[in-house]
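All of these numbers come straight from a predicted model, not from anything done at the bench.
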Amino acid sequence: MSSWIVTNLWLIPALPFAASLVILSLSNVRRKSAAALAVIGQLLALAFSILAFLPTLQTHGFRVVQNFNWFTFGEQTLRLGFILDPLAAAMLMMIALVGLCIFVFSVGYMAEDRNFVRFFAYLSFFSGAMLGLVIANSLVLLFIFWELVGLASYLLIGFWIERPSAAAAAKKAFVTTRIGDMGFFLGMLWLYNRSGTLLFYDGGNGCLESAGLAMLGASPAVAGFIALLIFCGAAGKSGQFPLHVWLPDAMEGPTPVSALIHAATMVAAGVFLVARVYPLFSLGAINGVTPSLTVVVWIGVTTALMAALIAVAQADIKRILAYSTVSQLGLMMVSLGVGGVAAGIMHLLAHGFFKALLFLGSGSVIHGCHGEHDIRKMGGLRRPMPVTFVTYAIGMMALSGVPFFFSGGWTKEEILHATAHWPRSHATYYLMLAGVVLTALYMTRQIIYVFFGNSRSASERVHESPRVMTTPLIVLAICAIFFSVLLTPAWPWLHTYLTGESAQFELVRLIQPMFFVSLVLVGAGIGFGIWMYRNAGAPERNRPAEIDPLEYAQPALFRFLANKMWIDELYNRTVVAFSWMAAHLSDWMDRYFWDGLVRGFGAIGQLFAIFTTSVDERGINAGVDETTAGARSLGRVMSTAHSGQIQTYLGVVAIGMLALLLLYAWLA
């Protein structure tokens with residue numbers, strides 16, 4: 001059975017796609033059927049993903065590809081293919097499992113929505129696109145699924161299309177990611193021009209294998225530019241600065257959509273893409289450093305630190321998690337850029353579980369608080385919502401990087417270890433340390449506001465979510481804890497699985513300086529958060545209850561962070577304003593210049609037509625008419641000479657001969 005699925009990988013994305021098509025054909029009253037089809041399709045995708053995962057355990061460095069011809073143009077054939085290797089298998093498992101939990105949670109969360117059926121059709125479509133993306137062995141096929149993921153995100157972010165904010169957020173996400181995708185597309189074209197193929201692996205002739213890399217190696221600068229163009233697409237999908245602005249606004253979609261986008265699917269695509277084409281980024285590296293990887297590192301550092309700072313001052317429970325996602329994606333990009341590919345992918349997988357847990361937990365809180373999003377209006381929810389509280393606390397500690405028991409602690413430690421050994425600069429390491437402290441701080445702030453302190457306005461009549469919503473929370477919380485077993489340095493199974501090495505159990509590896517550094521940093525962030533927000537939501541001295549302690553202490557800084565560093569306003573004043581100016585200029589040029597030019601040429605044409613008409617009618621036609629009239633008159637005159645009498649004809653001949661004789665005599 002395992003070998004069968006290896007040769008039929010297309011079935012894994014095909015199942016959710018098929019479920020989506022069938023659900024779209026159902027009427028709005030077939031709610032149970034729609035939910036059942038979506039969940040069954042995702043469950044089968046998970047089962048097939050497990051079957052595909054098993055063969056990768058048999059040998060180190062397992063890789064199987066199936067390539068096929070798509071179409072032929074001239075003498076060239078464009079080939080596509082599917083790939084199964086540890087990277088693809090691990091991603092399949094995470095996406096399918098997290099997606100299944102989100103699907104089940106959505107049954108309860110969206111129970112009262114009038115577009116329940118359409119929602120599950122979009123969810124299944126989203127899942128199928130992402131599953132197809134990770135098994136693509138061709139940059140063309142990956143790009144096709146990449147754009148399908150973008151379409152699905154547009155449909156789901158703007159699902160509540162009757163809300164102007166949701167419609168605007170969907171358009172913003174679609175346009176912003178298209179900007180990055182344009183660079184991605186140009187990079188693909190350039191890569192095909194240089195290497196002659198877009199297959200990743202093709203018996204040694206793929207663009208990531210020796211033959212393709214050798215063609216690119218002759219021009220390292222060209223390879224670097226191609227890598228950066230591809231990175232533009234990754235930056236757009238994974239919300240990297242300066243294309244991060246769409247990601248927080250994606251919170252306008254239903255909470256399960258936020259969980260799916262921010263944990264398992266869309267944002268993971270950018271990090272996955274860089275990891276998949278990493279040989280292209282590292283081509284010609286000196287001590288693991290290339291110009292393209294350096295750009296990746298500094299973009300990741302900027303994104304991670306900027307988003308963590310903004311999260312400290314947000315009040316919307318989902319926006320805090322959204323900026324947390326942006327920050328964590330920046331951390332993953334830093335890991336890839338410094339050469340810690342396995343560490344970055346491990347954090348991506350762990351992040352998929354605990355961030356899905358946090359987003360679904362926030363959905364449970366919003367559901368229990370009757371639609372309220374503002375954490376300043378919550379408080380004391382740990383008693384009426386015990387399951388949500390415990391699972392959310394587990395997700396918070398995993399995200400904060402609490403070591404030993406939580407998966408996020410081990411992956412962050414490995415990323416910090418890789419960053420510390422980057423030869424280009426040590427500044428990135430210290431900035432990442434600051435990011436770890438900030439992550440623990442804003443998550444502590446959030447959990448204190450929501451679950452501790454006195455009850456506030458949104459906490460009245462609060463209730464625990466139904467079992468269909470709490471069960472996925474429990475499953476994801478268990479994954480966030482037990483996934484750490486595969487990440488511990490004492491038995492680094494997942495690391496060796498991804499790198500193709502052998503895992504060995506060495507307990508002494510737990511005692512490392514970086515472990516204690518992480519412990520101190522996380523402890524400092526949590527401790528500072530508890531000290532600052534211990535009385536959050538309650539009046540204190542001269543501070544009103546509704547004022548954030550940081551806002552009271554540093555109002556200017558807090559306003560700067562709460563307004564997202566005014567980056568959106570900066571874009572509105574520059575990029576958007578320029579676009580409006582260009583649009584108005586184009587409109588003016590079209591209405592007055594080009595339209596006037598066209599009208600002018602039209603008038604000239606009309607004048608020429610009038611002139612030619614006049615010449616034709618009054619000159620040529622009149623001349624022809626007069627000539628024909630004269631010829632007709634002459635013909636009448638000549639016709640009278642033809643009387644038919646012989647004597648008349650002889651007389652005319654005699655007169656003619658006489659005239660000729662006289663002429664001859666005169667000339668002589």
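Contact check for L357 versus L473: side-chain heavy atoms found under the 4.5 Å cut-off. The closest side-chain heavy-atom distance from L293 to S282 is below 4.5 Å. Side-chain contact between I415 and M346: absent, with no pair of heavy atoms (C-beta onward) separated by less than 4.5 Å. With contacts defined as side-chain heavy-atom distances shorter than 4.5 Å, the pair M91/L348 qualifies. Side-chain contact between L142 and M188 is absent, with no heavy atoms from C-beta onward closer than 4.5 Å. Counting only heavy atoms from C-beta outward, the side chains of L92 and F48 never approach each other to under 4.5 Å. For the pair T197/R79, no side-chain contact is recorded, criterion being any heavy-atom separation below 4.5 Å from C-beta on. You'll find the side chain of S335 stays beyond 4.5 Å of the side chain of H347, heavy atoms only.
For V149 against M130, the heavy-atom pair with the smallest separation is CG2-N, 3.8 Å. Closest non-hydrogen pair, L191 versus L139, comes out as CD2-CD2, 3.8 Å. When every heavy atom of S292 is checked against every heavy atom of G224, the shortest pair comes out as CB-O, 4.0 Å. The shortest heavy-atom contact between P256 and L360 is CA-CD2, 4.4 Å. When every heavy atom of A52 is checked against every heavy atom of I12, the shortest pair comes out as CB-CD1, 4.2 Å. Scanning both residues, L329 and S238, for their nearest heavy atoms gives CD1-O, 3.1 Å.
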| request: Take M94 and I345 through the side chain to side chain contact (heavy atoms under 4.5 Å, CB included) test and state the conclusion after the steps. | output: CA-CA 11 Å; M94 186 273 288; I345 294 300; over 6 Å; no
| field | Stepwise side chain to side chain contact (heavy atoms under 4.5 Å, CB included) check, I567 with Y571 | value | CA-CA 6 Å; I567 294 175; Y571 281 167; 4.1 Å; yes
| query | Are T56 and Y497 close enough, and set up right, to give a side chain to side chain donor-acceptor pair (under 3.5 Å), and what steps lead you there? | reply | CA-CA 9 Å; T56 64; Y497 170 75; 2.6 Å; yes
| query | Could you go step by step and tell me if C207 and F200 meet the side chain to side chain contact (heavy atoms under 4.5 Å, CB included) rule? | reply | CA-CA 5 Å; C207 63; F200 297 137; 4.0 Å; yes
| Step by step, would you call T290 with L283 a side chain to side chain contact (heavy atoms under 4.5 Å, CB included)? | CA-CA 8 Å; T290 66; L283 185 63; over 6 Å; no
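Residues that satisfy the salt bridge (Lys or Arg N to Asp or Glu O under 4.0 Å) test with K172, not counting sequence neighbours, are D249, D568.
Note: L15 CG to S20 OG = 12.5 Å, rounded to the nearest 0.5 Å. Rounding to the nearest 0.5 Å places OG1 of T77 at 13.0 Å from CH2 of W70. The CH2 atom of W10 lies 10.5 Å from the CD1 atom of I135; values are rounded to the nearest 0.5 Å. Note that CG of L11 is 12.0 Å distant from CG of L131, once rounded to the nearest 0.5 Å. Y392 contributes atom OH, which lies 9.0 Å from atom CG of L399 (distance to the nearest 0.5 angstrom). Here M306 contributes atom CE and H244 contributes atom NE2; the two are 3.5 Å apart, rounded to the nearest 0.5 Å.
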Only pairs under 3.5 Å count here: list side-chain donor-acceptor contacts from residues 156-163, not counting sequence neighbours, and write none if there are none.
from : atom 1 : to   : atom 2 : distance (Å)
W160 : NE1    : D113 : OD2    : 2.7

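Using cut-offs of 30° and 60° for the angle between ring planes, the F354 and H351 rings count as perpendicular. In this structure, F143 and F184 have perpendicular ring planes: the angle between them is above 60°, well past the 30° mark.
In this structure, E252 contributes its side chain and A167 its backbone to no donor-acceptor pair below 3.5 Å. At distances below 3.5 Å, not a single donor-acceptor pair connects side-chain atoms of T176 with backbone N or O atoms of A173.
The ring of F116 has its center closer than 6.0 angstrom to the ring center of F120.
Heavy-atom neighbours of R178 CZ from other residues, nucleotides or ligands within 6.0 Å: above the threshold of 12. The neighbour count for F225 CZ, taken as heavy atoms of other residues, nucleotides or ligands under 6.0 Å away, does not exceed 12.
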